[in-house]
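In what follows, a single structure is set out as structure tokens and then discussed.
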Amino acid sequence: MKLTNILDIEGLTFRYPEAPKEAVSHFDLHVPEGEIVVLAGPSGCGKSTLLRTVNGLIPHMYSGDYSGEVKVAGASVKGTDMRDLSQRVGFLFQNPENQIFMFTVERDVAFGLENIGVPREEMRGRVDEALRLLGIASLAQRAPHELSDGQKQRVALAGVLAMRPRLVILDEPTSLLDPKTAGDLVALVAGLRKELGTTFVVVEHRIDLLVKVADRLVVMSEGKKVLEGTPRDVLFGEEAESYGVATPSVTKLQKMLAHDGLATGGALLSPAELARELEERQR
Ligand SMILES: Nc1ncnc2c1ncn2[C@@H]1O[C@H](COP(=O)(O)OP(=O)(O)OP(=O)(O)O)[C@@H](O)[C@H]1O
Ligand SMILES: [Mg+2]
């Protein structure tokens, strides 16, 4: 059996109307099911535009010059209508306020399911499951607008998961969150991948938070893919910083120690890993 990737982007180029240059240019990306991919790069390099070509906002809602192909589970995004796409690709906006509509958390999480006409009984089950997965069952009857940012983010994500998408794309999901809550969200993403096999493509500036759970780091610059590899390989190379990717401080420290012959190569991504390496060298 030939395995189909959950996401295939081939030769994708997109230019917004009137824009002087392409926002995404000759872009290729292939993501096997179950991976967590982080997309990084300087502001304006085309990350959000690329995500829009995956959830279908481009070309279905935004016009422009479009060439190349984006496929989700083998089906062309261009050839699939938005209603079908909404069930295939879960999408979390940067600001959860844009995704919260109803008077109770429970109704809000059910919103997408109601839209696609899921029978009441099944809806009940899916909403309960999503609330449980996100650890917010106790908030079911609360009003979403009176929750904290981190809680709102979870409600929005529960609404996305209730649709049971195989692919979820997140555009800077931690930007409104404090470090602790952001860390919790990342742990949640890792847990969902493990429990449900969901694939995630995440745009994130706080690389240090995500590299520990990511399988792959893709760096963009001026619409093009310039680096791709395991977070370890990409971050230990010299180029990542020149594209504005913030090297985690533990990786920087380890590079310095390696330079002085006090540690070996291979980018370490967490303080625990570095401590272990230093401990072993003392033996
Ligand atoms: N709706 C739009 N109409 C016209 N041009 C746009 C539109 N949205 C984005 N652009 C342009 O496309 C390019 C890529 O923008 P995009 O928002 O994809 O970048 P980004 O990598 O997500 O940046 P950031 O990190 O700031 O969110 C930029 O030059 C931007 O000005
Ligand atoms: Mg963006």
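Order of appearance sets the numbers: ligands from 1, and atoms from 1 within every ligand.
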Checklist entry - Hey, is there an N, O or S on Thr49 sitting under 2.8 Å from the Mg ion (ligand 2)? => result no
Checklist entry - Do any heavy atoms of Arg52 fall under 4.0 Å from ligand 1? => result yes
Item to check | Between Tyr16 and Thr49: side-chain donor-acceptor atoms closer than 3.5 Å | outcome: yes
Checklist entry - Does ligand 1 have an atom that lies less than 4.0 angstrom from a heavy atom of Glu172? => result yes
Next on the checklist: Below 4.0 Å, non-hydrogen atoms only: which portion of His205 touches ligand 1? Side chain, backbone, both or neither.
Outcome noted: side chain
Next on the checklist: Set out, in order, the CA-CA distance, both residues' side-chain angles and the distance that settles salt bridge (Lys or Arg N to Asp or Glu O under 4.0 Å) for Arg124 and Glu106, then state yes or no.
Outcome noted: CA-CA 9 Å; Arg124 183 72 272 148; Glu106 192 174 60; 3.0 Å; yes
Next on the checklist: With nothing but distance in play, are any N or O atoms of Gly41 less than 3.5 Å from an N or O of ligand 1?
Outcome noted: no
Checklist entry - Nearest protein heavy atom to atom 26 (O) of ligand 1, by residue and atom, and its distance? => result Ser43 OG, 2.6 Å
Next on the checklist: Side chains of Thr174 and Glu204 only: does a donor on one sit below 3.5 Å from an acceptor on the other?
Outcome noted: yes
Checklist entry - What protein heavy atom is closest to atom 16 (P) of ligand 1, reported as residue, atom name and distance in Å? => result Thr49 OG1, 3.6 Å
Next on the checklist: Would you say atom 24 (P) of ligand 1 makes contact with the protein, given that contact here means a non-hydrogen protein atom less than 4.0 Å away?
Outcome noted: yes
Next on the checklist: Which residue and atom name correspond to the protein heavy atom nearest atom 14 (C) of ligand 1, and how close is it?
Outcome noted: Gly44 O, 3.3 Å
Item to check | atom 9 (C) of ligand 1 [closest protein heavy-atom partner, distance rounded to 0.1 Å] | outcome: Tyr16 CE1, 3.5 Å
Item to check | Protein heavy-atom partner closest to atom 17 (O) of ligand 1 - residue, atom, separation in Å | outcome: Ser48 CB, 3.9 Å
Checklist entry - Taking the side chain from Arg154 and the backbone from Leu134, do they hold a donor-acceptor pair closer than 3.5 Å? => result yes
Checklist entry - Do we see a donor-acceptor contact under 3.5 Å between the side chains of Thr13 and Glu22? => result no
Next on the checklist: As a test of the contact definition, would atom 28 (C) of ligand 1 count as having a protein heavy-atom neighbour under 4.0 Å?
Outcome noted: yes
Next on the checklist: Run Lys47 and Glu172 through salt bridge (Lys or Arg N to Asp or Glu O under 4.0 Å) and show every step you take.
Outcome noted: CA-CA 10 Å; Lys47 303 179 296 295; Glu172 304 193 36; 5.2 Å; no
